[in-house]
Amino acid sequence: GVAALICLVAASGDAAQNRHARPAETDETVPASRGMRLALENAAGSVEIHAWDSDAVRIQARHASRTKVLIRTGENAVTITASASGGPAGSVDYDITAPSWMAMRIEGQYDDVTIEGTRGDVSVETVRGDITIRGGSSSVTAKTIEGQVVVEGARGKVDVSSVNEGITITGAGGEISAETTNGSIRLARIDATSVDVATINGDVTFDGTLSDNGRYSFNSHNGDIVLTVPETSNATFNVRTYNGEFSTTLALKGPDPSGVRRGKRVSYTLGSGGADVDLESFGGEISVRRAGSQKTGRRQ
């Protein structure tokens, strides 16, 4: 009855909490020299990677007894795969500690991937699973079909995509590209010089600064677009909406929107108009807000 169900839920919760409590079936540490990269293929399971200052890679893995984790150290890479005699390897949960300088490429089918503290290039591709990357001062690439993507604190070139889930990027700079089909895209505390964001069925929100020479593009087919920027910004906003309206809390200069037909591209300037900002939505509202302002603003 109910008591049995409660016990079952509690047991499953304890099992999840204690997943890393039991000894790993595989626990091996291999040396790594500067310039080497980490390459991991995992069909199913989870991958957690943490950074440390040691020039070595520690691989802890939890898996079925018939599964064997293969670790190969070559001149350019530490390569990790899994296999099983007589059939597929099944799911493997990895807990890896790698040098912070190490570049890495993670590929999988049904994987949740979390990477923290790396400074090297990071590439993650999975079919179904969430991807979370914290840190990164070089190139960050994250692609999933059925999963969310979260990137925090990346300072370099960021290229992320999903198909059926949302994307969140916070505290990032450099060059940012984000694309999803059925999900919203949220960017917060951004100081990038280039942003290219597109979604079909989702909202787009951006909170950050605009570089005077920067280029920014925000596109949603069936969602709203909301930009929050300092009123001291220098930007030209190129706005086009077919079935929505444009509103702002900033003192933008431009033509009277009441005489502009739907679907026509209209430009508004703020300050010297330095940054180039494209805003386009087919079925949603577009709003440009002053940082710290409320949601309501005068309609353009």
Handout entry: Cluster overlap W101 with V57, hydrophobic side-chain contacts below 4.5 Å
Key = yes
Exercise for the section: Please find out if less than 6.0 Å separates the ring center of F237 from that of Y268. Expected result: no
Problem - Residues that T170 engages under side chain to side chain contact (heavy atoms under 4.5 Å, CB included), provided they are two or more places apart - result: E152, T168, R186, A188, R189
Fill in the blank from the handout: Sorted by chain and number, sequence neighbours left out, side-chain hydrogen bond (donor to acceptor under 3.5 Å, both in side chains) with S267 holds for N238
Fill in the blank from the handout: S137 meets the side chain to side chain contact (heavy atoms under 4.5 Å, CB included) criterion, sequence neighbours left out, with R119
Problem - CG (N213) with more than 12 external heavy atoms under 6.0 Å - result: no
Handout entry: Check: S233 side chain, A235 main-chain N or O, donor-acceptor pair, under 3.5 Å
Key = no
Handout entry: Exercise: identify the closest heavy-atom pair between G120 and S138
Key = C-CB, 4.0 Å
Exercise for the section: Calculate, to the nearest 0.5 Å, the distance between atoms CZ and OG1 belonging to R134 and T114 respectively. Expected result: 6.5 Å
Problem - Criterion side chain to side chain contact (heavy atoms under 4.5 Å, CB included) on D112 and V47, from CA distance to verdict - result: CA-CA 6 Å; D112 289 324; V47 178; over 6 Å; no
Completion exercise
Heavy-atom closest pair (A32 atom, M102 atom, distance to 0.1 Å) is CB-CE, 4.0 Å
Exercise for the section: Examine I200 and V160 and state if one hydrophobic cluster contains both, with Ile, Leu, Val, Met, Phe, Trp and Tyr joined whenever side-chain heavy atoms are less than 4.5 Å apart. Expected result: no
Handout entry: Under 3.5 Å: donor-acceptor pair, side chain of T248, backbone of R289
Key = no
Problem - Electrostatic pair R265-E280, nearest N-O below 4.0 angstrom - result: no
Practice task
Report yes or no: does T241 contribute a side-chain atom to a donor-acceptor pair with the main-chain N or O of G284 at less than 3.5 Å?
Solution key: yes
Problem - Sequence-distant partners of K143, salt bridge (Lys or Arg N to Asp or Glu O under 4.0 Å), two or more places apart - result: D159
Exercise for the section: Output the distance between atom OG (S220) and atom CG (D203), rounded to the nearest 0.5 Å. Expected result: 6.5 Å
Handout entry: V226-I190 co-clustered via ILVMFWY side chain contacts under 4.5 Å
Key = no
Practice task
Identify the two heavy atoms, one from A56 and one from T29, that lie closest to each other, and give their separation to 0.1 Å.
Solution key: CB-CG2, 3.9 Å
Handout entry: Salt-bridge present (D278, R240; N to O < 4.0 Å)
Key = no
Practice task
Mind listing the closest non-hydrogen atom pair of I131 and A142 along with its distance?
Solution key: CG2-CB, 3.9 Å
Handout entry: Closest approach of F218 to I225 (non-hydrogen atoms, all atoms of both residues)
Key = O-CD1, 3.6 Å
Handout entry: Ion pair D93/R62, N-O distance below 4.0 Å
Key = no
Could you tabulate the donor-acceptor pairs under 3.5 Å formed by side-chain atoms of residues 70-84, not counting sequence neighbours?
none

Exercise for the section: Using the side chain to side chain contact (heavy atoms under 4.5 Å, CB included) rule, pick out the option among T209, L210, L250 that qualifies with P230. Expected result: T209
Exercise for the section: Would you check if the side chain of D111 reaches a backbone N or O of V113 as a donor-acceptor pair within less than 3.5 Å? Expected result: no
Problem - Check: T126 side chain, G129 main-chain N or O, donor-acceptor pair, under 3.5 Å - result: no
Handout entry: Within-4.5 Å side-chain heavy-atom neighbours: V124 and I133
Key = yes
Handout entry: Linked, directly or transitively: F282 and L279 (ILVMFWY side chains, under 4.5 Å)
Key = no
Problem - N/O donor-acceptor pair under 3.5 Å between Y216 side chain and V197 backbone - result: no
Exercise for the section: Indicate whether any N or O donor in one side chain lies under 3.5 Å from an N or O acceptor in the other, for D130 and Q148. Expected result: no
Handout entry: Salt-bridge present (D121, K157; N to O < 4.0 Å)
Key = no
Exercise for the section: For residues G273 and T236, report the shortest heavy-atom separation together with the two atoms involved. Expected result: O-OG1, 2.8 Å
Handout entry: S177 backbone acceptor or donor facing D196 side chain under 3.5 Å
Key = no
Problem - Side-chain donor/acceptor of R105 to backbone N/O of S123, under 3.5 Å - result: no
Exercise for the section: Taking T180 for its side chain and S161 for its backbone only, find out whether a donor-acceptor pair lies under 3.5 Å. Expected result: no
Fill in the blank from the handout: In N201, T199, N182, N243, the residue satisfying side-chain hydrogen bond (donor to acceptor under 3.5 Å, both in side chains) with N222 is N201
Practice task
Following the transitive rule for hydrophobic clusters with a side-chain heavy-atom cut-off under 4.5 Å over Ile, Leu, Val, Met, Phe, Trp and Tyr, establish whether Y110 and I49 coincide in one cluster.
Solution key: no
Handout entry: Distance in Å, L187 CG paired with T205 OG1, rounded so as to fall on 0.5 Å steps
Key = 7.0 Å
Practice task
Walk me through it: do Y94 and V69 pass the test side chain to side chain contact (heavy atoms under 4.5 Å, CB included)?
Solution key: CA-CA 10 Å; Y94 287 97; V69 172; 4.0 Å; yes
Exercise for the section: Kindly write out the residues that satisfy side chain to side chain contact (heavy atoms under 4.5 Å, CB included) with T118, not counting sequence neighbours, or none if the list is empty. Expected result: M104, I115, V122
Handout entry: Pairwise distance CD(E285) to CZ(F246) - rounded to 0.5 angstrom
Key = 11.5 Å
Problem - Modelled atom types, side-chain donor and acceptor of S281 and H221, under 3.5 Å - result: no
Exercise for the section: Using a cut-off of 6.0 Å, state whether more than 12 heavy atoms not belonging to R155 lie near its atom CZ. Expected result: yes
Practice task
Output yes when a side-chain donor or acceptor of E165 lies under 3.5 Å from a complementary backbone atom of E146, and no otherwise.
Solution key: no
Handout entry: Distance, nearest 0.5 Å, that separates CG of D191 from CD1 of I176
Key = 8.0 Å
Fill in the blank from the handout: One should read off an interatomic distance between R215 CZ and E175 CD, to the nearest 0.5 angstrom, of 12.0 Å
Exercise for the section: Go through the steps for D95 and R58 under the test salt bridge (Lys or Arg N to Asp or Glu O under 4.0 Å), then give the verdict. Expected result: CA-CA 8 Å; D95 191 345; R58 183 183 182 186; over 6 Å; no
